[in-house]
Colleague: 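Before anything else, here's the structure in question.
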Amino acid sequence: MKTFLFTCLTFFVSFTVSAQEAVNFKLNPEIGKPIQMNMLMKTDIDGPQSVIMDMKMKMETLPAKKENENFIFENVIKAIKADIDAGMMTVSYNSEEESTDETARMLGEQFSKIIDQKISSVVSEKGKTIDLDLPASFATQGFDASSFSNMSPSFPENAVTPGESWEGTSQVPENPLFSTIKMTSTFLEENQEGYVIHIDGKMLQDSGEEIGTMVGHYTLDKQTHFTKASSVKTTVTVQGSTIISEVEVVAE
C-alpha cells in the first residue's frame, strides 16, 4: 500500500513539474510569410467634446528579414471600417464600399492617405520594439507610434514558468501625452491556444508623473511566440478629458 501511494505521489509531482516547464520566450516568425491580422480599435473620449470611435482594420504583417537578433517587420493596412459618434454628428465609413454620404467621402479621403502605406518596425527576439517608422500621414489621422508598437509583449531574458512575472520599461517616441511605459508582465498559463501573458503598466510623462494605465493580455503561438490574439486597454486622463482605448488583434 505504501509503495502504491509513493508511486502515485511521484507521478503527481513529475506531472506537475512537467506541466510547469519553463519557457524561454523568443520571437521566431517565418521570414517572408505574410501574416493576416484584424485589428479592432475602440476609442472613447469623455470630456467637453465627447467622441466614440470604433475602427476595424485589416492588416498584413510581413516578417521581411532578420538581422542579428532583430526582426524587420513591414505592416500594411489593407482596409478600414470606421463608425464615429461625436454627439451632433455620426458617420460610418468602409474603404471596401463606395461612399454615398458626403461626410463619409471626406473621411474616406483622409483614410486613403494611410491605406497601403508601409509601417516598418524593428523588433528584437525578446519582443522589444527598437525602432518604428510611421509615415507622416498617420499622425494627421490621430495615430501615434504606440498604436503599432504593442504587437508583441516584451519577454524576459531568462526562461519563466507559469505564475512568474518580470518588469520592463519602454520609451514611446513622438507621443504628445506620455513618453514612458513601465510594465509588469506575467506568464499566466499554457493552454490549447498557446501561451498567455498578462500585462499591467503605467504610462508616465517626461516629468515622471503618471498619466494613465495599460492592462491586457496576449496569446502567443507555441512555435513562433508571435501574437495570435491580444486585447489591451489604455486609460489616459489629460486636460479634463479621459481617453479610453481598447485594441484587439487577431491573426488569421
Colleague: Let me check something: do L107 and I45 share a hydrophobic cluster, defined by ILVMFWY side-chain heavy atoms less than 4.5 Å apart, either directly or through other members?
Modeller: yes

Colleague: Kindly indicate, with the supporting measurements, whether the criterion side-chain contact (heavy atoms from CB on, under 4.5 Å) is fulfilled by V238 and I243.
Modeller: CA-CA 8 Å; V238 58; I243 306 170; 4.3 Å; yes

Colleague: Are D200 and M183 packed together at the side-chain level, in the sense that at least one heavy-atom pair is separated by less than 4.5 angstrom?
Modeller: no

Colleague: Got a list of side-chain donor-acceptor pairs under 3.5 Å for residues 69-86, not counting sequence neighbours?
Modeller:
from, atom 1, to, atom 2, distance (Å)
N75, OD1, T61, OG1, 3.0
N75, ND2, I119, O, 3.2
D83, OD1, S92, OG, 2.6
D85, OD1, G87, N, 3.0

Colleague: Do any pairs count as a salt bridge (Lys or Arg N to Asp or Glu O under 4.0 Å) and have a residue in residues 86-104, sequence neighbours left out, and if so which ones?
Modeller: K58-E96, E102-R105

Colleague: What I'd like to find out is whether the side chain of M39 reaches to under 4.5 Å of the side chain of M37, using heavy atoms alone.
Modeller: no

Colleague: Is there a side-chain contact between F226 and L220 in this structure, where contact means two heavy atoms from C-beta onward sitting under 4.5 Å apart?
Modeller: no

Colleague: First locate atom CG of D221, then atom CG of L27, and finally report the distance between them rounded to the nearest 0.5 Å.
Modeller: 11.0 Å

Colleague: Working to the nearest 0.5 Å, report the span between CD of E60 and CD of E252.
Modeller: 10.5 Å

Colleague: Take T234 and M203 through the side-chain contact (heavy atoms from CB on, under 4.5 Å) test and state the conclusion after the steps.
Modeller: CA-CA 9 Å; T234 60; M203 302 146 83; 4.1 Å; yes

Colleague: Would you say V247 and M55 are hydrophobically clustered, going by side-chain heavy atoms of ILVMFWY under 4.5 Å?
Modeller: yes

Colleague: Would a distance-only check, ignoring hydrogens and angles, find a side-chain to backbone donor-acceptor pair under 3.5 Å from S50 to G47?
Modeller: yes

Colleague: Looking at S185, S152, S154, which one forms a side chain to side chain contact (heavy atoms under 4.5 Å, CB included) with I197?
Modeller: S185

Colleague: To the nearest 0.5 angstrom, please state how far the CH2 atom of W166 sits from the NZ atom of K126.
Modeller: 9.5 Å

Colleague: For a 4.5 angstrom cut-off between non-hydrogen side-chain atoms, does V215 reach H198?
Modeller: yes

Colleague: Could you tell me if the side chain of E193 sits less than 4.5 Å from the side chain of V196, heavy atoms only?
Modeller: no

Colleague: If we only count heavy atoms from C-beta on, is the T180 to T169 side-chain gap below 4.5 Å?
Modeller: yes

Colleague: Is there a side-chain contact (heavy atoms from CB on, under 4.5 Å) between T242 and V236? Walk through the geometry before answering.
Modeller: CA-CA 6 Å; T242 299; V236 176; over 6 Å; no

Colleague: Search all heavy atoms of S112 against all heavy atoms of E109 and return the closest pair with its distance.
Modeller: OG-O, 2.6 Å

Colleague: Measure across P63 and I35 and return the closest heavy-atom pair with its distance rounded to 0.1 Å.
Modeller: CG-CD1, 4.3 Å

Colleague: Establish whether L62 and V249 are linked, either directly or via other cluster members, by ILVMFWY side-chain heavy-atom contacts under 4.5 Å.
Modeller: no

Colleague: Is any side-chain heavy atom of S245 less than 4.5 Å from a side-chain heavy atom of T43?
Modeller: yes

Colleague: Look up atom CE in M151 and atom CG in L132, then write down how far apart they are to the nearest 0.5 Å.
Modeller: 10.5 Å

Colleague: Check E167 against T184 and note the closest heavy-atom contact, atom names and distance.
Modeller: OE1-OG1, 2.8 Å

Colleague: Under the ring-ring contact (aromatic ring centres under 6.0 Å, His included) test, which residues partner F187, sequence neighbours left out?
Modeller: F25, Y195

Colleague: With hydrophobic residues grouped by side-chain heavy-atom distances under 4.5 Å, do M53 and L40 end up in a single group?
Modeller: no

Colleague: Using 4.0 Å as the upper bound for N to carboxylate O, is an ion pair formed by E190 and K222?
Modeller: yes

Colleague: Determine whether more than 12 heavy atoms belonging to other residues, nucleotides or ligands lie under 6.0 Å from atom CD of Q239.
Modeller: no

Colleague: Would you mind listing every ring-ring contact (aromatic ring centres under 6.0 Å, His included) that reaches into residues 34-69, with sequence neighbours excluded?
Modeller: none

Colleague: Between T161 and E164, do the side chains contain an N or O donor and an N or O acceptor separated by less than 3.5 Å?
Modeller: yes

Colleague: To the nearest 0.5 Å, what is the distance between CG (D54) and CG (D44)?
Modeller: 9.0 Å

Colleague: Do V232 and E246 have side-chain heavy atoms sitting under 4.5 Å apart?
Modeller: no

Colleague: Only counting residues at least two apart or in another chain, list the ones meeting salt bridge (Lys or Arg N to Asp or Glu O under 4.0 Å) with K65.
Modeller: E67

Colleague: Sequence neighbours excluded, which residues qualify as salt bridge (Lys or Arg N to Asp or Glu O under 4.0 Å) partners of K182?
Modeller: none

Colleague: Please give me the minimum heavy-atom distance between F155 and G127, naming the atom from each residue.
Modeller: CD1-N, 4.0 Å

Colleague: Given side-chain contact (heavy atoms from CB on, under 4.5 Å), test I181 with M214 step by step and report yes or no.
Modeller: CA-CA 9 Å; I181 299 176; M214 176 182 293; 3.7 Å; yes

Colleague: For atom NZ of K66, is the number of surrounding heavy atoms from other residues, nucleotides or ligands below 6.0 Å larger than 12?
Modeller: yes

Colleague: Using a distance-only test with no angle check, is there a side-chain donor-acceptor pair under 3.5 angstrom linking Q223 and N28?
Modeller: no

Colleague: Is it possible for you to say whether M41 and I52 belong to one hydrophobic cluster, with membership spreading through side-chain heavy-atom contacts below 4.5 Å?
Modeller: no

Colleague: Can you tell me how far CD of E189 sits from OG1 of T219, rounded to the nearest 0.5 angstrom?
Modeller: 8.5 Å

Colleague: Which atoms form the tightest heavy-atom contact between S124 and I130, and what is the distance?
Modeller: CB-CD1, 4.0 Å

